[in-house]
Amino acid sequence: MSHESIIEWPVNCPYCDAPFSLLLDLSAGGYDTWEDCVVCCQPIHVVVETTLSGELESVTLADDDDVV
């Protein structure tokens, strides 16, 4: 894993709208994970999508009610 594959991405919590940053690891391509909001501690579903060349395509955040 190289340092170029880790980027800081600004987001807002889907629960309390607090701004914070996520560290995204693009070295293995797209992935989904859960992160807790640093302010309200609610679980946030994070989906990271990358292009075939490994560049960031999109970051989607969803609250617990939006995940099926």
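Sequence positions, counted from 1, serve as the residue numbers for this chain.
Between the SG atom in Cys37 and the CG atom in Leu61 there is a gap of 10.0 Å [rounded to 0.5 Å]. Interatomic distance, Cys13 SG to Gln42 CD, rounded to the nearest 0.5 Å: 7.5 Å. For the atom pair CD (Glu57) and CG (Leu52), the distance works out to 9.0 Å, reported to the nearest 0.5 Å. Note that the CD atom of Glu49 and the OG1 atom of Thr60 stand 6.0 Å from one another [nearest 0.5 Å].
You'll find the side chain of Trp9 reaches within 4.5 Å of the side chain of Leu56, heavy atoms only. Two residues are said to be in side-chain contact when any heavy atoms from C-beta on lie closer than 4.5 Å; Phe20 and Ile44 meet this criterion.
Side-chain atoms of Asp25 never come within 3.5 Å of backbone atoms of Ile6 as a donor-acceptor pair (strictly under, hydrogens ignored). At distances below 3.5 Å, at least one donor-acceptor pair connects side-chain atoms of Tyr15 with backbone N or O atoms of Pro43.
By the criterion of side-chain heavy atoms lying less than 4.5 angstrom apart, applied directly or through intervening Ile, Leu, Val, Met, Phe, Trp or Tyr residues, Val47 is not grouped with Tyr31; the two fall into different hydrophobic clusters.
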Using side-chain contact (heavy atoms from CB on, under 4.5 Å), reason through Leu23 and Glu8 one step at a time and then give a plain yes or no. CA-CA 5 Å; Leu23 290 178; Glu8 187 173 349; 4.1 Å; yes
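Taking each heavy atom of Gly30 and Thr50 in turn, the nearest pair found is N-OG1, 3.1 Å.
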